[in-house]
Number of protein chains: 2
Amino acid sequence: MFSQAEENYLKAIYALEEKLQKNISTNILASKTQTKASSVTDMLKKLAIKQLITYKKYQGVQLTKTGKDAALIVVRKHRLWEYFLVNKLNYGWDEVHDIAEQLEHIKSETLIDRLEKFLKSPKFDPHGDPIPDKDGKIMRIKTVNLLELKVGQKGVLDNLKDSSDEFLKYLNKKNLALRDRIKVIDIEPFDNSIHIETKTHQLVISKKVAGNLNIKI
Amino acid sequence: MFSQAEENYLKAIYALEEKLQKNISTNILASKTQTKASSVTDMLKKLAIKQLITYKKYQGVQLTKTGKDAALIVVRKHRLWEYFLVNKLNYGWDEVHDIAEQLEHIKSETLIDRLEKFLKSPKFDPHGDPIPDKDGKIMRIKTVNLLELKVGQKGVLDNLKDSSDEFLKYLNKKNLALRDRIKVIDIEPFDNSIHIETKTHQLVISKKVAGNLNIKI
DNA sequence: AATATAATTTAGACAAGGCTAAAAATATAA
DNA sequence: TTATATTTTTAGCCTTGTCTAAATTATATT
Ligand SMILES: [Mn+2]
Ligand SMILES: [Mn+2]
Ligand SMILES: [Mn+2]
Ligand SMILES: [Mn+2]
């Protein structure tokens with residue numbers, strides 16, 4: 001079994017690999033894990049010894065098959081717990097991250113599979129992110145970034161590039177939720193802000209915000 | 001906030017105080033926490049500095065008000081999670097201890113109260129132990145040890161003195177469960193074994209087993 | 001190609017929480 | 001009331017995971 005710290009690093013490396021599609025650097029990992037580069041280096045050595053990553057000094061790291069499998073289990077646990085917190089304990093989607101961050105480390109051979117069954121095997125977490133199955137298999141949905149839509153095009157808000165509590169609170173305030181149908185009314189060329197329409201209201205969002213919204217056409 | 005280790009010590013001291021009704025010695029605490037006496041001494045110093053226990057060298061310890069309150073919160077969390085595991089995830093009462101031992105340490109201002117609400121505020125855990133409320137208040141039920149019953153007397157199995165997985169598995173095997181109605185058929189003077197009858201069957205239990213069964217008359 | 005800057009690693013330290021072995025205090029027994 | 005046994009504490013060490021400061025390597029810029 002892996003320690004809580006090891007699991008957090010594995011998950012962080014996994015997330016960064018998904019996003020950046022290349023070797024993950026010490027500094028990026030340090031900022032993601034809220035630690036210092038020197039601490040990261042220490043941990044990378046340990047993970048390398050355990051064959052969870054391939055690590056050559058100064059070259060960044062990548063997960064091995066074993067490491068990726070381990071990371072996917074943590075991701076699975078994190079997202080199933082998030083689903084539990086939102087759908088059973090009535091938390092908002094902007095309130096569950098820190099708690100899931102702890103729950104994902106509970107050690108048990110059976111717990112997470114029983115939880116999954118209890119939740120009726122949800123396929124996506126409250127932020128639209130796919131929940132890996134027992135074998136680490138992920139259901140991927142094709143989406144495009146809202147920035148890529150042209151005026152007049154429509155789609156459904158499927159997931160977010162940024163699931164930080166701050167961004168989620170922004171979406172709450174603007175009354176935007178997953179599965180909302182969104183239509184592009186106008187694109188302002190000056191600052192690339194986008195005028196959109198949902199079933200219930202219209203609003204203008206900045207380029208930055210739009211870049212965090214992934215749409216299923 | 002307290003560390004996981006601190007919480008485990010507080011809970012252990014609390015449990016021993018309930019059982020022994022006196023100052024708790026280093027050695028007893030060491031065996032309860034599966035550590036060495038020297039490690040216990042170290043931790044006791046830390047807890048004393050934090051005013052969670054009163055500690056005078058060689059004299060054993062007892063919880064302060066603050067310490068007891070903290071311990072009761074951990075007990076509350078432990079028992080609510082056990083209830084969740086048994087009643088929502090369908091675990092057996094002999095399978096939940098280790099998992100609850102971890103879940104009880106999840107840090108959140110709101111989680112345990114939401115869990116309690118979701119579970120509809122159960123008052124007892126799967127082993128018949130009372131679940132402290134938000135303020136640490138415990139509902140105590142008057143019970144007598146099965147050893148104190150005379151031939152012919154009846155009662156209901158309410159809770160256990162020993163809730164170890166081993167003893168729970170023994171009870172499973174013998175088809176004895178909480179809330180079973182039990183009647184004393186005969187007491188064997190030679191070894192104090194007790195012949196009992198439930199709604200469904202009869203059996204003979206040893207003095208040792210009987211001593212772990214608390215009965216509500 | 002040499003130099004300046006940025007990224008990464010190393011060296012050394014620290015806190016938490018554990019251990020063993022030895023010393024000290026307390027309890028028990030002769 | 002000594003002597004012995006038991007319990008508890010102290011001293012010193014270890015591992016994990018973190019840090020700062022210094023050294024090293026890689027990258028960017030002249
Ligand atoms: Mn985590
Ligand atoms: Mn999520
Ligand atoms: Mn615990
Ligand atoms: Mn219990």
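Order of the sequence lines sets the chain letters (A, B, ...), proteins ahead of strands, with each chain counted from 1. These numbers were taken from a predicted model, which means no experiment stands behind them.
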Distance, rounded to the nearest Å, where L44(B) contributes CG and dA16(C) contributes P
16 Å

For the pair made of NZ in K36(A) and C1' in dT16(D), what is the distance, rounded to whole Å?
19 Å

Between H78(B) and H97(B) (judged by ring centroids, cut-off 6.0 Å), do the two rings come close enough to count as a pair?
yes

Could you walk me through whether Q4(A) and H105(A) pass side-chain hydrogen bond (donor to acceptor under 3.5 Å, both in side chains), step by step?
CA-CA 6 Å; Q4(A) 197 151 319; H105(A) 304 293; 4.5 Å; no

Donor-acceptor under 3.5 Å (T41(A) side chain, A37(A) main chain)
yes

Using only heavy-atom distances, decide whether a donor-acceptor pair under 3.5 angstrom links the side-chain of S38(B) to the base of dT20(C).
yes

With a 4.0 Å cut-off on heavy atoms, is S39(B) in touch with a base, just the backbone sugar-phosphate, or nothing at all?
base

Whole angstrom is fine here: how far is it from OH in Y9(A) over to P in dG17(D)?
9 Å

Separation of N8(A) atom CG from dG17(D) atom C1', in whole Å?
12 Å

Any side-chain N or O of K57(B) less than 4.0 Å from the OP1 or OP2 oxygen of dT7(D)?
no

Without decimals, in angstroms, what is the distance between K50(A) NZ and dT16(D) C1'?
10 Å

Between P of dG17(C) and CD of E7(B), the distance in whole Å
11 Å

Indicate, with a heavy-atom threshold strictly under 4.0 Å, whether A5(B) touches base, sugar-phosphate, or nothing.
sugar-phosphate

Hey, does K56(A) reach any base, or is it just sugar-phosphate, or nothing, if we go heavy atoms under 4.0 Å?
nothing

Given dA6(C), is OP1 or OP2 found less than 4.0 Å from the side-chain N or O atoms of N27(A)?
no

Going by purine N1 to pyrimidine N3 plus the second Watson-Crick contact, or the G-U wobble pair, all under 3.5 Å, which nucleotide sits opposite dA1(C)?
dT30(D)

K46(A) vs dG17(D): side-chain N/O to OP1/OP2 distance below 4.0 Å:
yes

Between dG17(C), dA26(D), dA24(C), which nucleotide gets closest to the side-chain atoms of Y58(B)?
dA24(C)

Contact nearer the 5' end of DNA chain D, comparing I28(B) with Q4(A):
I28(B)

Kindly say whether S193(A) contributes a backbone atom to a donor-acceptor pair with the side chain of D191(A) at under 3.5 angstrom?
yes

Answer yes if the ring centres of F84(B) and F84(A) are under 6.0 angstrom apart, and no otherwise.
yes

Which nucleotide in the list dG18(C), dT9(D), dT8(C) gets nearest to the side chain of S25(A)?
dT8(C)

Contact under 4.0 Å: S3(B) side-chain N or O vs dG17(C) OP1/OP2
yes

To the nearest Å, how far apart are Y55(B) OH and dT10(D) C1'?
10 Å

Categorize T26(B) for me: base, sugar-phosphate, or nothing, with a 4.0 angstrom heavy-atom threshold over every strand shown.
sugar-phosphate

M43(B) side chain, from C-beta outward: closest of dG17(C), dT18(D), dT9(C):
dG17(C)

Show your working on salt bridge (charged side-chain N to carboxylate O under 4.0 Å, His left out) between K77(B) and D113(B) and close with a plain yes or no.
CA-CA 9 Å; K77(B) 292 161 93 179; D113(B) 297 332; over 6 Å; no

Taking atom C1' of dT8(C) as reference, at what distance in whole Å does atom CD of Q59(A) sit?
11 Å

